[in-house]
Amino acid sequence: MPKYLLIMRGTDESNAAMMADIDEMMTATRQFIEETVKAGVLLAAEGLDDPGQGVVVDFSGEAPVVTDGPYGETKELFGGFFLLDVASKQEAVEWARRVPAARGSKIEVRRVPGSDEVPQADR
């Protein structure tokens with residue numbers, strides 16, 4: 001079965017709304033995770049640390065440039081992910097619609113190509 005990554009994307013406003021109701025959000029998220037486990041589709045799920053703790057390595061110039069977070073120019077940041085093993089994109093979308101998320105958040109659904117789909121260098 002194909003794998004799909006559900007990427008949680010948020011803005012400063014949606015992240016603040018989530019933090020305002022963090023206990024309720026964590027309860028709903030644990031319930032969602034339990035549902036995906038019972039359905040046998042969850043491969044992994046993780047949240048990410050505060051963006052202020054991260055760095056960006058930018059390859060735009062001749063040499064990579066490292067910039068400490070937070071990233072003021074970014075409108076949306078990845079907050080975490082769910083990796084699902086489902087039968088189709090439509091099934092991944094149906095699970096994404098059920099993710100507990102604050103108003104203003106987005107869930108990006110991306111297929112993870114199998115190893116047989118990754119281009120190989122000629123040997």
Side-chain angles (χ1 to χ4, degrees):
M1 287 203 304
K3 296 176 189 168
Y4 284 86
L5 191 62
L6 309 185
I7 304 166
M8 298 181 289
R9 297 179 6 195
T11 63
D12 288 340
E13 293 79 17
S14 67
N15 291 339
M18 180 186 70
M19 293 306 290
D21 293 323
I22 191 65
D23 290 336
E24 182 178 320
M25 184 63 68
M26 292 305 294
T27 298
T29 300
R30 280 191 292 277
Q31 182 179 359
F32 175 78
I33 289 171
E34 287 174 13
E35 291 171 7
T36 60
V37 168
K38 285 179 186 173
V41 299
L42 184 67
L43 297 175
E46 297 290 342
L48 300 177
D49 200 359
D50 181 277
Q53 302 301 312
V55 299
V56 169
V57 181
D58 185 346
F59 291 89
S60 297
E62 288 185 32
V65 175
V66 178
T67 305
D68 291 334
Y71 323 109
E73 70 279 359
T74 303
K75 293 181 182 180
E76 294 179 340
L77 293 171
F78 293 164
F81 68 89
F82 299 96
L83 180 60
L84 305 181
D85 190 7
V86 295
S88 66
K89 180 179 178 179
Q90 184 57 37
E91 185 178 354
V93 168
E94 290 305 315
W95 280 109
R97 293 171 60 100
R98 296 172 58 184
V99 171
R103 182 176 297 277
S105 299
K106 296 178 183 176
I107 303 295
E108 181 178 341
V109 178
R110 302 271 304 270
R111 191 173 72 84
V112 179
S115 59
D116 60 332
E117 298 176 273
V118 178
Q120 301 293 318
D122 291 334
R123 296 196 173 137

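Everything quoted here is computed from the prediction, not taken from an experiment.
I7 and W95 are assigned to two separate hydrophobic clusters, defined by single-linkage of ILVMFWY side chains at heavy-atom distances under 4.5 Å. In the hydrophobic clustering of this structure, M19 does not group with M8; members are Ile, Leu, Val, Met, Phe, Trp, Tyr whose side-chain heavy atoms approach within less than 4.5 Å, directly or through other members.
Here the straight-line distance linking atom OG1 of T29 with atom CE of M18 works out to 8.0 Å at 0.5 Å rounding. The distance from the NZ atom of K89 to the CZ atom of R110 is 11.0 Å, given to the nearest 0.5 Å. One distance of note links CZ of R103 with CD of E13; it measures 13.5 Å at 0.5 Å rounding. In this structure, CG in L42 is found 11.5 Å from CD in E35, a value given to the nearest 0.5 Å. Distance check, rounded to the nearest 0.5 Å: CG of L77 to CG of L48 gives 9.5 Å.
Within a 6.0 Å radius of CD in E24, no more than 12 heavy atoms belonging to other residues, nucleotides or ligands are found. Heavy atoms from other residues, nucleotides or ligands lying under 6.0 Å from CD of E117 number more than 12.
For the pair S60 and D58, the tightest heavy-atom approach, listed with the atom from each and the gap, is OG-OD1, 2.6 Å. Counting all heavy atoms, side chain and backbone alike, A44 lies closest to F81 at CB-CE1, 4.1 Å. The two atoms that bring I107 and A96 nearest to each other are CG2-CB, 3.8 Å, heavy atoms only. A pairwise comparison of heavy atoms in I33 and A45 identifies CD1-CB, 4.4 Å as the closest pair. Nearest heavy-atom pair across L6 and V99 is CD1-CG2, 4.2 Å. Among all heavy-atom pairs drawn from L84 and L43, the shortest one is C-CD1, 4.2 Å.
F32 is listed as a side-chain neighbour of T36, based on a closest heavy-atom distance under 4.5 Å. At a threshold of 4.5 Å between non-hydrogen side-chain atoms, the residues E91 and Y4 do not count as touching.
Salt bridge K106/E108: absent, no basic N to carboxylate O contact under 4.0 Å.
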